[in-house]
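By convention here, the first residue in the shown sequence is residue 1.
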Amino acid sequence: MSTQNTHSPKPEAPRLPPGIPSCQRRHTLPASEFRCLTPEDAVSAFEIEREAFISVLGVCPLYLDEIRHFLTLCPELSLGWFEEGCLVAFIIGSLWDKERLMQESLTMHKPGGHIAHLHVLAVHCAFRQQGRGPILLWRYLHHLGSQPAVRRAVLMCEDVLVPFYERFGFHAVGPCAVTVGSLTFTELHCSLQGHAFLRRNSGC
């Protein structure tokens, strides 16, 4: 004989996909939150990045010490997407002061620079194919646009990713002088002036 509870069942709390540990420290964490990263987020960021890049490229754009370095020097040039307090996607950048990227731009932050160098955009494997990368990039560019000292965003990527970044106002300026092992990249620039009009074309 089966029995049925006569009380209305309590709604279940939202659950993160498998592989995302519970990170709640208090009961008032928002379900979804965007904020700049801190050095305390470095390990979570590196775990996401390592899974995303090592299997594809064999290297990471930033390693743990470098992540901590940038999140200590320029946390305002980062942006993380958190679900129930857990980091699920992020971008880390730093300032650069030359017209084009150079090998040393991989590890340097130039406080007097007016160019934001986007080092890495990574999404946790459980949250991919959900449109989170474009949304995060769009928010990040608007975040940069609110900083008067930052006039342009630059990045380097593989040729196959160029069309993705072009949707957000980036344009290719040619081969990048930076190499990582045998890997070569295209350099892209994006002016942060008048960026709002891109929203209707970004798919976000």
Side-chain angles (χ1 to χ4, degrees), residues 13-25 29-75 77-94 101 105-107 109 116-141 143 153-165 167-168 170 176 178-188 203-204:
R15 295 179 180 178
L16 294 171
I20 303 283
S22 175
C23 300
Q24 284 195 338
R25 302 183 188 89
L29 283 172
S32 186
E33 176 189 24
F34 293 87
R35 66 166 171 81
C36 294
L37 301 178
T38 69
E40 288 71 31
D41 298 311
V43 171
S44 296
F46 180 60
E47 289 175 353
I48 293 172
E49 183 194 22
R50 180 173 55 184
E51 186 280 329
F53 287 92
I54 289 290
S55 61
V56 177
L57 299 178
V59 295
C60 283
L62 298 175
Y63 286 90
L64 182 56
D65 287 347
E66 295 164 336
I67 292 174
R68 287 195 177 111
H69 172 71
F70 286 125
L71 295 185
T72 299
L73 291 179
C74 48
L77 296 173
S78 69
L79 188 65
W81 189 339
F82 293 80
E83 293 286 355
E84 299 180 32
C86 292
L87 182 66
V88 300
F90 69 93
I91 295 174
I92 293 175
S94 66
L101 295 175
S105 64
L106 293 180
T107 56
H109 168 61
H117 174 201
L118 282 63
H119 292 275
V120 57
L121 186 166
V123 179
H124 190 285
C125 59
F127 290 86
R128 290 180 200 146
Q129 306 301 318
Q130 300 177 19
R132 291 177 184 262
I135 292 172
L136 180 62
L137 179 56
W138 178 254
R139 282 180 173 262
Y140 182 76
L141 292 174
H143 172 66
V154 304
L155 58 85
M156 61 185 204
C157 69
E158 295 178 283
D159 290 347
V160 69
L161 292 175
V162 169
F164 169 79
Y165 288 107
R167 292 165 50 194
F168 298 87
F170 285 89
C176 187
V178 179
T179 60
V180 179
S182 61
L183 299 173
T184 59
F185 306 93
T186 296
E187 183 170 333
L188 296 98
C204 297

Check whether any side-chain heavy atom of [X] lies under 4.5 Å from a side-chain heavy atom of [Y], and answer yes or no.
X	Y	answer
P75	L37	no
V162	C157	yes
L183	L57	yes
F53	V120	yes
R35	L79	no
S105	V178	yes
L101	V154	yes
L77	H109	yes

Reported [atom1]-to-[atom2] distance for the pair [X] and [Y], which is rounded to 0.5 angstrom:
X	Y	atom1	atom2	answer
R50	C60	CZ	SG	7.5 Å
S94	E66	OG	CD	11.0 Å
D65	F46	CG	CZ	9.0 Å
S44	E49	OG	CD	12.5 Å
L87	E33	CG	CD	10.5 Å

Do you know which two heavy atoms are closest between [X] and [Y], and how far apart they sit?
X	Y	answer
L106	M156	CD2-CE, 3.6 Å
E83	S32	OE2-OG, 3.4 Å
A122	I48	CB-CG2, 4.0 Å
T179	T184	CG2-CG2, 4.3 Å
V180	V59	CG1-CG2, 3.8 Å
L155	L118	CB-O, 3.9 Å

Audit row: F168, L141, side-chain contact (heavy atoms from CB on, under 4.5 Å) steps and yes/no: CA-CA 9 Å; F168 298 87; L141 292 174; 3.9 Å; yes

Electrostatic pair R68:D41 at N-O distance under 4.0 angstrom: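 No, no charged N to carboxylate O under 4.0 Å.
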
Cation over ring face, R139 and F34, 6.0 Å, 45°: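 Positive - R139 is close enough to the ring of F34 and near enough to its axis.
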
Short side-chain to backbone donor-acceptor contact, T186 and D159, under 3.5 Å: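 Absent.
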
Any donor-acceptor N/O pair, Q130 side chain to A126 backbone, under 3.5 Å: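 Looks like yes, one N/O pair under 3.5 Å.
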
Pair H119 and F70, ring centroids less than 6.0 Å apart: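 Between F70 and H119, which both carry aromatic rings, the centre distance is below 6.0 Å.
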
Full working for side-chain contact (heavy atoms from CB on, under 4.5 Å) between V123 and L121: CA-CA 7 Å; V123 179; L121 186 166; 4.2 Å; yes

Check against side-chain contact (heavy atoms from CB on, under 4.5 Å), F90 and W81: CA-CA 6 Å; F90 69 93; W81 189 339; over 6 Å; no

Aromatic ring pairing F170/Y165, orientation class (parallel under 30°, perpendicular over 60°, tilted between):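 F170 vs Y165 ring planes: perpendicular.
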
Audit row: L71, T38, side-chain contact (heavy atoms from CB on, under 4.5 Å) steps and yes/no: CA-CA 6 Å; L71 295 185; T38 69; over 6 Å; no

